[in-house]
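The structure appears below as structure tokens.
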Amino acid sequence: MIAFGPLLPVVVIDRAEDAVPLGRALLAGGIRQAEVTLRTPAALDALRALAGVEGLLVGAGTVLDPVQVDAVVDAGARFVVSPGLSDEVVAACERRGVDVVPGIATATELMRGRSLGLRTVKFFPAESSGGPAAIAALASVFPEMRFVPTGGIGSDRAADYAALPSVVAVGGSWMVPRSAIAAGDLATVERLSRQAVEALA
Ligand SMILES: O=C[C@H](O)COP(=O)(O)O
Ligand SMILES: CC(=O)C(=O)O
């Protein structure tokens, strides 16, 4: 489960060879987990490489169907994130024995996830779905649920989410800019990661 800290970098990566340096930059910046999204042709190879970085808990994001669940688990993903709630994806993750964090944005979706046995969900897209106030409102009705808010969150807002007791980790790409990774500028990733960690400390 996403339990290696209050931040979950959401990675979009264009070249698999950038994965290991990226993982080292995250660790150097104080972040010990990452989600590699299946949004690029290089994603599976990058996931495989990142999963081999010692000390980093690596999962897959943008996982949309059971075939992709098998592919990411075979590549080493230890958790699965999805933008929405799919019964098929949840079942496939159970079958493969990996944690799944599907996205929800409403009380109805949350109740569907809860009835599937989930207790941790992604709140997506967080900023445009009501932000911390919406999570606080949901948490007051469903105190057993935990949230990973993601979507549109920047360095200026992360602490507002992390301050909520129901939030287990704040997801986002602000500390792993796609352009910096593509440019091989891992110093920027390390710096932004360290700043993100310090902002939540
Ligand atoms: O997972 C959802 C989003 O892609 C995270 O990225 P964002 O922080 O740029 O919204
Ligand atoms: C957006 C999202 O939840 C994902 O890419 O998994």
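Reckoned from all heavy atoms, side chains included, excluding hydrogens, waters and symmetry mates. Whatever order the structure lists them in is the order used to number ligands and atoms, beginning at 1.
- At distances below 3.5 Å, not a single donor-acceptor pair connects side-chain atoms of E190 with backbone N or O atoms of L186.
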For ligand 1, list every N/O pair with the protein closer than 3.5 Å, one pair per line with the distance.
{"residue": "ligand 1", "atom": "1 (O)", "partner": "R39", "partner atom": "NH2", "Å": "3.4"}
{"residue": "ligand 1", "atom": "1 (O)", "partner": "K122", "partner atom": "NZ", "Å": "3.2"}
{"residue": "ligand 1", "atom": "4 (O)", "partner": "R39", "partner atom": "NH1", "Å": "3.1"}
{"residue": "ligand 1", "atom": "4 (O)", "partner": "R39", "partner atom": "NH2", "Å": "2.9"}
{"residue": "ligand 1", "atom": "8 (O)", "partner": "S173", "partner atom": "N", "Å": "3.0"}
{"residue": "ligand 1", "atom": "8 (O)", "partner": "S173", "partner atom": "OG", "Å": "3.4"}
{"residue": "ligand 1", "atom": "9 (O)", "partner": "S173", "partner atom": "OG", "Å": "2.6"}
{"residue": "ligand 1", "atom": "10 (O)", "partner": "G152", "partner atom": "N", "Å": "2.7"}

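- Heavy-atom contacts from other residues, nucleotides or ligands closer than 6.0 Å to CZ of R112 number more than 12.
- Heavy-atom neighbours of E17 CD from other residues, nucleotides or ligands within 6.0 Å: above the threshold of 12.
- For ligand 2, the 4.0 Å heavy-atom shell takes in E35, R39, G61, T62, V81, S82, P83, K122, F124, ordered by chain and residue number.
- S129 contributes no side-chain N or O that, together with a main-chain N or O of A126, makes up a donor-acceptor pair within less than 3.5 Å.
- In this structure, the side chain of S82 engages the main chain of V63 through a donor-acceptor pair within 3.5 Å.
- Linking Ile, Leu, Val, Met, Phe, Trp and Tyr residues whenever their side-chain heavy atoms come within less than 4.5 Å places L110 and V90 in a single cluster.
- Counting heavy-atom neighbours within 6.0 Å of E54 CD, excluding the residue itself, gives a total of 12 or less.
- Under the 3.5 Å distance criterion, with hydrogens and angles disregarded, a donor-acceptor pair is assigned to the side chains of T62 and R39.
- Evaluated for a side chain to side chain contact (heavy atoms under 4.5 Å, CB included) with P149, the options V167, L8, D160 yield exactly one hit, V167.
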